[in-house]
Amino acid sequence: MWLRTLLPELSHPHDRSDADGLNWYQVVENQRFAVLRKGGVINLASTWGFALVWGAGCVWLSQQWGREWLLLPATVSLLFALGLYRRYRLIVDTPTSRLSSSAQGYVELCGKAALPEGESFRGLPHLPVMVWLPGYVEDQPFVLEDSHGRCLLYPQYAEIVTRTGDNHLFLLHAIYPGQPLYALGELHTQRHDTVSLERRERLAALLAEWKNNPQQLLQNFDANGNGQIDPDEWQTVRAAAERWVDDDIREQQRAPGMHVMDGAKAGQLFLITNIPPEELAQRYHWAALLHMLVWLGLMGLAHARF
């Protein structure tokens, strides 16, 4: 019940499927705890619904157990304030990186959401395509793209904060292709510099493939026409295979690397959101200030003499 109060946009219970065949009650229930799990308590603490419930809980605690028990929610409010202010400073202070610059390390990216190459649908039947949907499509990677490149995001360990869509699907906390997307985390570029380490295995596989087609092998390398590959001819086969593998490796090394963001170093925040960063930073700023005031107020009440 308390979570329905904190997430009112998810509170539309009905236990029957609608005309498009979806059981919306089940969809809502599956999302409810997924939104909290992926966003975390800190992001829940930045909402007005949480502030109302938190205030009512403090009043009840004071009346039932005494003012000295207010030290407990006061301490928690202080932790909320510190966590929210840290998120505010990270968004404000971290430089924005363009994918064309291939900047490595802890950066923020701004762009639009997209599905990975080769994928055309993700989400629930009878609904628009989504790249991320809590409770259903949570850990599959999706793409942030700007005008300079694409970055593959792995959201499994991310703190994901969303707002409902600006359409008739107002109760879904989903991320749709084309929506503005903001990511804060550790960016690295996967290149093909290590493919040469696989050279021996690739050469062996290619030679085995050629051996499996003896007619083609004889046609290409049986120079004296005796119907078999002699030792000197086998050296020619091996040299040709080495050239083929080396050319393929060089081609891969010339290909642009894949930008990836799949986490953050210890103590840093890995954040993905479809909320504009300026708006989210202001939310964190005011919520941190509110929890700091609550901490001061509760500490004062807990120690006051009446």
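Just so you know, these numbers come straight off a predicted model, no measurement behind them. For the single chain, residues carry numbers from 1 onward in sequence order.
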Task: Check: E209 main-chain N/O paired with N213 side-chain donor or acceptor under 3.5 Å - done: no
Open item on the list: Check for me, please, whether L36 and L271 land in the same ILVMFWY cluster - side-chain distances under 4.5 Å, paths through other members count.
Closed with: yes
Task: W69, CH2: over 12 other non-hydrogen atoms inside 6.0 angstrom - done: no
- [ ] Would you confirm whether N274, through its side chain, and R163, through its main-chain N or O, come within 3.5 Å as a donor-acceptor pair?
- [x] yes
TODO: Side-chain contact test, heavy atoms from C-beta onward, threshold under 4.5 Å: evaluate it for R122 versus F142 and give yes or no.
DONE: yes
Open item on the list: Please tell me whether Y284 and N43 have a donor and an acceptor in their side chains that are separated by less than 3.5 angstrom.
Closed with: yes
Open item on the list: Determine whether Y157 and D262 satisfy the following criterion, side-chain contact (heavy atoms from CB on, under 4.5 Å), listing intermediate values before the conclusion.
Closed with: CA-CA 7 Å; Y157 303 108; D262 55 7; over 6 Å; no
Open item on the list: Please check this pair: side chain of K38 against backbone of Q156, looking for a donor-acceptor N/O pair closer than 3.5 Å.
Closed with: yes
Task: Side-chain heavy-atom pair M261, I272 within 4.5 angstrom cut-off - done: no
Open item on the list: Quick check: do V143 and L153 have side-chain heavy atoms less than 4.5 Å from each other?
Closed with: no
Task: Residues W286 and S46: side-chain donor-acceptor under 3.5 angstrom - done: no
Open item on the list: Test side-chain contact (heavy atoms from CB on, under 4.5 Å) on L296 and M299; report intermediate values, then the result.
Closed with: CA-CA 5 Å; L296 292 173; M299 290 293 291; 5.8 Å; no
- [ ] For the pair W54 and F50, name the ring-plane relationship: parallel under 30°, tilted 30 to 60°, perpendicular over 60°.
- [x] parallel
Open item on the list: What verdict does the side-chain contact (heavy atoms from CB on, under 4.5 Å) test give for I42 and F80, after you've listed the backbone C-alpha separation in whole Å, the side-chain angles of each residue and the deciding distance to 0.1 Å?
Closed with: CA-CA 6 Å; I42 288 289; F80 284 155; 3.7 Å; yes
- [ ] Going by the side-chain contact (heavy atoms from CB on, under 4.5 Å) test, name the single residue among V76, L70, L72 that passes it with L298.
- [x] L70
- [ ] Answer with yes or no whether the hydrophobic clustering places W244 together with L207; edges join I, L, V, M, F, W, Y residues whose side-chain heavy atoms lie under 4.5 Å apart.
- [x] yes
Open item on the list: Quick one: does any side-chain atom of T47 pair with a main-chain N or O of L44 as donor and acceptor, under 3.5 Å?
Closed with: yes
Open item on the list: Tell me whether the count of non-hydrogen atoms from other residues, nucleotides or ligands lying under 6.0 Å of CH2 in W234 goes above 12.
Closed with: yes
TODO: Show the numbers, then the answer: is there a side-chain contact (heavy atoms from CB on, under 4.5 Å) between L184 and F270?
DONE: CA-CA 6 Å; L184 185 66; F270 181 25; over 6 Å; no
- [ ] Please name the pair of heavy atoms, one in C110 and one in D146, separated by the smallest distance, quoted to 0.1 Å.
- [x] O-CB, 3.7 Å
- [ ] Compare all side-chain heavy atoms of R87 with those of L269 and state whether any distance is below 4.5 angstrom.
- [x] yes
TODO: Using a 4.5 Å cut-off on heavy atoms from C-beta on, say whether the side chain of H291 contacts that of L78.
DONE: no
TODO: Consider only side-chain N and O atoms of E108 and T96, and report whether a donor and an acceptor are under 3.5 Å apart.
DONE: yes
Task: Spatial distance of atom CE (M130) from atom CG (L115) [nearest 0.5 Å] - done: 11.5 Å
Task: Value rounded to 0.5 Å, distance of CZ in R150 from CG in L144 - done: 10.0 Å
Open item on the list: How long is the straight-line distance from CE of M292 back to CG of L84, given to the nearest 0.5 Å?
Closed with: 10.0 Å
Open item on the list: Check for me, please, whether L293 and V53 land in the same ILVMFWY cluster - side-chain distances under 4.5 Å, paths through other members count.
Closed with: no
Open item on the list: On a heavy-atom basis, which atom in Q268 and which in A264 lie closest, and how many Å separate them?
Closed with: CB-CB, 3.8 Å
Open item on the list: If we ignore hydrogens and angles and just use 3.5 Å, is the side chain of T273 paired with the main-chain N or O of V161 as donor and acceptor?
Closed with: yes
Open item on the list: For a 4.5 angstrom cut-off between non-hydrogen side-chain atoms, does I91 reach L280?
Closed with: yes
- [ ] Starting at CZ of R89, measure out to NE2 of H285 and round the result to the nearest 0.5 Å.
- [x] 8.0 Å
Task: Nearest-0.5 Å distance that lies between atom NE2 in H259 and atom OG in S97 - done: 8.5 Å
TODO: Could you tell me whether a side-chain N or O of T75 sits under 3.5 Å from a main-chain N or O of L71, the two making a donor and an acceptor?
DONE: yes
- [ ] Answer yes or no: is there a side-chain heavy-atom contact under 4.5 Å between Y182 and I275?
- [x] no
Open item on the list: To the closest 0.5 Å, what do you measure between SG (C58) and CZ (R67)?
Closed with: 14.0 Å
Task: Check: Q64 side chain, L61 main-chain N or O, donor-acceptor pair, under 3.5 Å - done: no
- [ ] Indicate yes or no: does R283 engage E279 in a salt bridge with an N to O separation below 4.0 Å.
- [x] no
Task: Side-chain donor/acceptor of E119 to backbone N/O of P116, under 3.5 Å - done: no
Task: Heavy-atom check, side chain of Y176 versus side chain of V129, under 4.5 Å - done: no
- [ ] For side-chain hydrogen bond (donor to acceptor under 3.5 Å, both in side chains), just list the numbers for W132 and T162, CA-CA rounded to whole Å, side-chain angles, deciding distance to a tenth of an Å, and then say yes or no.
- [x] CA-CA 10 Å; W132 186 82; T162 60; over 6 Å; no
Open item on the list: With a 4.5 Å cut-off on side-chain heavy-atom distances among I, L, V, M, F, W and Y, is there a chain of contacts connecting I160 to V107?
Closed with: yes
Task: More than 12 heavy atoms from other groups under 6.0 Å of CZ on R238 - done: no
